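Below is one structure, written out as structure tokens; comments come after it.
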Number of protein chains: 2
Amino acid sequence: MATLRPRQQEMLRFIEHFMDERGFPPTVRDIQYGCDISSTSVVDYNLRALTRAGLLKRSREVSRGIELVGRRPRTTRVPLLGSIAAGQPLPVFPADPATLGDEDHVEMDAELAKNKDRLYALQVKGDSMIDALIRDGDVVILQAQDQAETGEMVAAWLIDTEETTLKRFYAEGPRVRLQPENTAMGPIYADARNVQIKGRVIGVLRRYE
Amino acid sequence: MATLRPRQQEMLRFIEHFMDERGFPPTVRDIQYGCDISSTSVVDYNLRALTRAGLLKRSREVSRGIELVGRRPRTTRVPLLGSIAAGQPLPVFPADPATLGDEDHVEMDAELAKNKDRLYALQVKGDSMIDALIRDGDVVILQAQDQAETGEMVAAWLIDTEETTLKRFYAEGPRVRLQPENTAMGPIYADARNVQIKGRVIGVLRRYE
DNA sequence: GTTCATATCGAACCGATGTTCGCAGGAAAG
DNA sequence: CTTTCCTGCGAACATCGGTTCGATATGAAC
């Protein structure tokens, strides 16, 4: 395979960036303006070259008919808002991400964050979810949402005791069961009106030293 | 929030399916034909409703300017080709996925499989990767590839001893280091020509009883 | 009955967009 | 030198595709 031309590399980077930002592929003219190319035919020419190189697939005669193949997963930044554990208060939610420094973010797989919004991260204190392979010190990635389905792992706010806890969520009629993943611990039962779902766990990060 | 109309649910399912298949969002007319709707204005009408409901974002005046938000992760089927461990043979690769029954597949997050091809799964024997949270009995998802970057977790085939092993890959000049994630075990050193990469680990599954 | 909101339909408008064609400069091969 | 291939350029074409508008139907509220 011939080596990739600089212009083709630039186009590839532009397409990746565009899809991250917008969620759908760019048009030929998007690429043209984004890469300072003087003609759409040049874009088409190099798009063909990239297709031959196997770096993307095209659906001809179709607007935005570009699909990237074999992408390495990239990462995205998620604000780290605090920590969470059974029996300990969670900082006011949502904390303002704008006030956070660089150190208060975590990197995560961009594929997981794709098409998701309002993500945040919390550091886990305690081993109540050890059997779900979530340990003390791990960072969980959550999607902010106020509803949950049965069996999902969620951050739940207990209104009366002002506690936040990381558990699996089970709706059981008028009450909810918050189930730890630790055989040494029993579930928490609470009135449904006393439980506010703060987010659903969509990922876990652990850093090795 | 008002409950979703059947037509809107159908449109949502169509959009999801379309994006899985094609890698980019459908046009208004794609949705029209795909859902047997008589007019594009009806599609537009219901698309606005779905936008109000927060289920998708639209870039107005832009073809295919549809982005799904908050999608529940769906799953995809990956063939389970066998097992892998240090010191034990791997079945001939690739086994023919067509000959496998339903029991020989695993379900995995479709987001992880996005834009990836030639995925397969192997069941792990032994605890050589215990510190990477991969235990005996776990299933690892691999992307078939014959090259790896330093630090990636790979399935490596040692040609002379006819063994396959799951390790982290480190290129060290003329030789390669295959590093287990278990403090009780030491690395394997091998001549680079004697090592053939079979795939890169992109996911791990564990089933709880 | 009237009124209003919801949902659908058909048609048209017009900008967006993929494709194609002729042409040109430059490098490599003859 | 000429020829050939690669790459870039500009313009034009035909269709694609998002949007809008007026009309219709249904049902709930009054």
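Numbered from 1 within each chain, the chains take letters A, B, ... in sequence-line order. Note that the structure is a prediction, hence the values are computed from the model and not measured.
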Original post:
Would one find a side-chain N or O of B:Arg58 under 4.0 angstrom from OP1 or OP2 of D:dT19?
Top reply: yes

Original post:
What about A:Thr40: does its side chain form a donor-acceptor pair under 3.5 Å with the base of C:dT17?
Top reply: no

Original post:
Can you check the A:Tyr33 OH to D:dG10 P distance for me, whole Å?
Top reply: 12 Å

Original post:
Between C:dG10, C:dT20, C:dT19, which nucleotide has the shortest distance from any of its atoms to the side chain of A:Val28?
Top reply: C:dT19

**OP:** Quickly work out the A:Phe18 CZ to C:dT17 C1' distance and round it to whole Å.
**Re:** 13 Å

Original post:
How about B:Leu68 and B:Glu16: do any of their side-chain heavy atoms sit closer than 4.5 Å?
Top reply: yes

**OP:** Output yes when at least one side-chain N/O atom of A:Ser63 is less than 4.0 Å from OP1 or OP2 of D:dC16, else no.
**Re:** no

**OP:** Return the value, rounded to whole Å, for the distance between atom OH of B:Tyr45 and atom P of D:dT24.
**Re:** 18 Å

Subject >> Quiz item: A:Ser41 side-chain donor-acceptor pair to D:dG10 base, under 3.5 Å >> reply: yes

Original post:
Rounded to the nearest Å, what distance is computed from the CD atom of residue B:Gln8 to the P atom of nucleotide C:dT6?
Top reply: 12 Å

**OP:** Report yes if a side-chain nitrogen or oxygen of A:Asn46 is closer than 4.0 Å to either non-bridging phosphate oxygen (OP1 or OP2) of D:dC6; otherwise report no.
**Re:** no

Subject >> Expected output: side-chain B:Arg64 to main-chain A:Ser63 donor-acceptor under 3.5 Å >> reply: yes

Original post:
If you draw the axis of the six-membered ring of A:Tyr189, does the NZ or CZ of A:Arg175 fall within 45° of it and under 6.0 Å from the ring centre?
Top reply: yes

Subject >> Check: B:Ile31 and B:Ile66 side chains under 4.5 Å, non-hydrogen atoms >> reply: yes

Subject >> Whole-Å gap separating C1' (C:dA16) and CZ (B:Arg64) >> reply: 12 Å

Original post:
Between C:dG15 and B:Arg60, is there an OP1 or OP2 to side-chain N/O distance shorter than 4.0 Å?
Top reply: no

**OP:** Determine the contact category for B:Ser38: base if any of its heavy atoms lies under 4.0 Å from a base atom, sugar-phosphate if only primed atoms, P, OP1 or OP2 are that close, otherwise nothing.
**Re:** sugar-phosphate

Subject >> Nearest-Å distance for atom pair CG/P, residues B:Asp36 and C:dT8 >> reply: 13 Å

Original post:
B:Ser39 or A:Asp30: which one's nearest nucleotide on DNA chain C is closer to the 5' end?
Top reply: B:Ser39

**OP:** Would you please confirm or rule out a distance under 4.0 Å between OP1 or OP2 of D:dT7 and any side-chain N or O of A:Arg7?
**Re:** no

Original post:
Taking CZ from A:Arg29 and C1' from C:dT17, how many angstroms apart are they, rounded to a whole number?
Top reply: 5 Å

Original post:
For the pair made of CZ in A:Phe24 and P in C:dA16, what is the distance, rounded to whole Å?
Top reply: 14 Å

Original post:
Distance from A:Thr40 atom OG1 to A:Leu47 atom CG, nearest 0.5 Å?
Top reply: 11.0 Å

